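Here the structure is a predicted model, which means the values were calculated and not measured. Note that the numbering runs from 1 along the sequence shown for the chain.
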Amino acid sequence: MNNNVLIGYKQRDNFVDRLTGTTKLIGLIALSVIGMTSFDTRFLLVLTVCSLALFRVSGIKFHEVSFILGFITVFSVLNLIAVYIFGPKYGVHLYGSEHVIWQGIGPYNLTWKQLFYEFNLFLKYIFTVPLALIFLMTTNPSEFSSSLNRIGISYRISYAVSLALRYIPDVQNDYRQISRAQQARGNEISKKGKLTHRVKVAGQILLPLIFTSLDRIETISQAMELRRFGKLKKRTWYAARPMKRNDFLALIVIALVVLVGIYLFKVNGGRFYNPFK
């Protein structure tokens, strides 16, 4: 991973960055829920294209998220393999017939229906990951917490969310510093070292990282107690942005997308689109 790159908020001057945190949170939740619920391939393809286009418009560079994308890709592939291992005929059960591509051993036949089902799962991974990265990397934690409080969420919960978002770059920075200390002691964790050794050293980094995190949490909690945080029912916010025209337009588009997804449930007679009828 590039040592100069941290996954966290970075100010950018574009349409996505200028939306309030509330709008981006509603969009992330609403689109993720309707996308994960639907198995209409046409709808998922549109969501995927829109998600990737929005990711490009957001100004996030690929090298900034290459490490986490690679990490997520590996686990997504493992999940798809596990779905096939534990349910090799689940797609056949869903779509009502079996078209064998390759004859395997026992129930492990490769069928078009199973491939189609897992392709839909793959689309879900593709469209949700960019949305989550956009939210994480274009949302100012302080502005986002004030937006949550303005729509009725307790400022204690809002502030906790703000701290969580602020804490992500700090954890990455701690990991980088501890890993450099390990490398200075001769523990090779770069690509030059063996994979098994790198995994072992990474495990050794985890324990100091946990203690560092706990120490920071204790410091923050003590500072908040000294300032009598949570005593009053309301608080003011330094960073607060009102919702503007672009926010309302974005929310209208999100609502339309969700309504289209719900309408497709009625058209398909359920959550699944079956092109094999």
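- Remark: the Thr138 side chain and the Asp17 side chain contain no N/O donor-acceptor pair separated by less than 3.5 Å.
- Leu78 and Ile72 fall into different hydrophobic clusters, where Ile, Leu, Val, Met, Phe, Trp and Tyr residues are linked whenever their side-chain heavy atoms come under 4.5 Å apart, directly or through other members.
- Distance check: Leu123 CG to Ser38 OG gives 10.5 Å after rounding to the nearest 0.5 Å.
- Smallest separation of non-hydrogen atoms from Phe265 and Arg271: CD2-CA, 4.0 Å.
- No side-chain donor-acceptor contact under 3.5 Å links Glu118 to the backbone of Gly91.
- Applying the ring-ring contact (aromatic ring centres under 6.0 Å, His included) test to pairs two or more places apart or on separate chains, those with a residue in residues 15-43 are Phe39-Tyr117, Phe39-Phe272.
- Note on residues 72-81: pairs passing side chain to side chain donor-acceptor pair (under 3.5 Å), not counting sequence neighbours, are Asn79-Tyr125.
- A distance-only check finds a donor-acceptor pair linking the side chain of Ser32 to the backbone of Leu28 [under 3.5 Å].
- No donor-acceptor distance shorter than 3.5 angstrom exists from the side chain of Lys113 to the backbone of Tyr90, with no hydrogens or angles considered.
- Grouped by direct or indirect side-chain proximity (heavy atoms under 4.5 Å, Ile/Leu/Val/Met/Phe/Trp/Tyr only), Val46 sits alone.
- From Ile26, atom CD1 reaches atom CG of Leu31 across 11.0 Å, with rounding to the nearest 0.5 Å.
- At a threshold of 4.5 Å between non-hydrogen side-chain atoms, the residues Leu133 and Ile68 count as touching.
- When Leu54, Leu47, Ile29 are each tested for a side chain to side chain contact (heavy atoms under 4.5 Å, CB included) with Leu131, only one passes: Leu54.
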Enumerate, atom names and distances included, each donor-acceptor pair closer than 3.5 Å involving a side-chain atom of residues 242-263, sequence neighbours excluded.
residue: Asp247; atom: OD1; partner: Thr20; partner atom: N; Å: 2.8
residue: Asp247; atom: OD1; partner: Thr20; partner atom: OG1; Å: 3.1
residue: Asp247; atom: OD1; partner: Thr23; partner atom: OG1; Å: 2.8
residue: Asp247; atom: OD2; partner: Lys244; partner atom: N; Å: 2.9

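- Under 3.5 Å, the side chains of Asp40 and Asn268 contain a donor-acceptor pair of N or O atoms.
- Atom CZ of Arg56 sits in a sparse spot, with 12 or fewer heavy atoms from other residues, nucleotides or ligands closer than 6.0 Å.
- Taking the side chain as every heavy atom from C-beta outward, Phe116 and Trp112 never approach each other to under 4.5 Å.
- Rounded to the nearest 0.5 angstrom, Cys50 SG and Leu45 CG are separated by 11.0 Å.
- Shown here for Lys124 and Met36, the closest heavy-atom pair between the two residues is NZ-O, 2.9 Å.
- The shortest distance between side-chain heavy atoms of Leu264 and Tyr273 does not fall below 4.5 Å.
- Shown here are the ring pair (Phe, Tyr, Trp, His ring centres under 6.0 Å) partners of Phe86, two or more places apart in sequence or in another chain: there are none.
- Hydrophobic clustering (side-chain heavy atoms under 4.5 Å, transitive across Ile, Leu, Val, Met, Phe, Trp, Tyr) groups Val57 together with Val129.
- Leu69 and Phe127 fall within a single hydrophobic cluster, where Ile, Leu, Val, Met, Phe, Trp and Tyr are joined by side-chain heavy atoms under 4.5 Å apart, directly or via other members.
- Applying the ring pair (Phe, Tyr, Trp, His ring centres under 6.0 Å) test to Tyr84 and every residue at least two apart in sequence or in another chain returns Tyr108.
- Of all the heavy atoms in Leu44 and Gly35, the pair that sits closest is CD2-O, 3.4 Å.
- Contact detail for Ile134 and Ile60: the closest heavy-atom pair is CA-CD1, 3.9 Å.
- Within the 3.5 Å criterion, the main-chain N or O of Ile34 finds no donor-acceptor partner in the side chain of Thr37.
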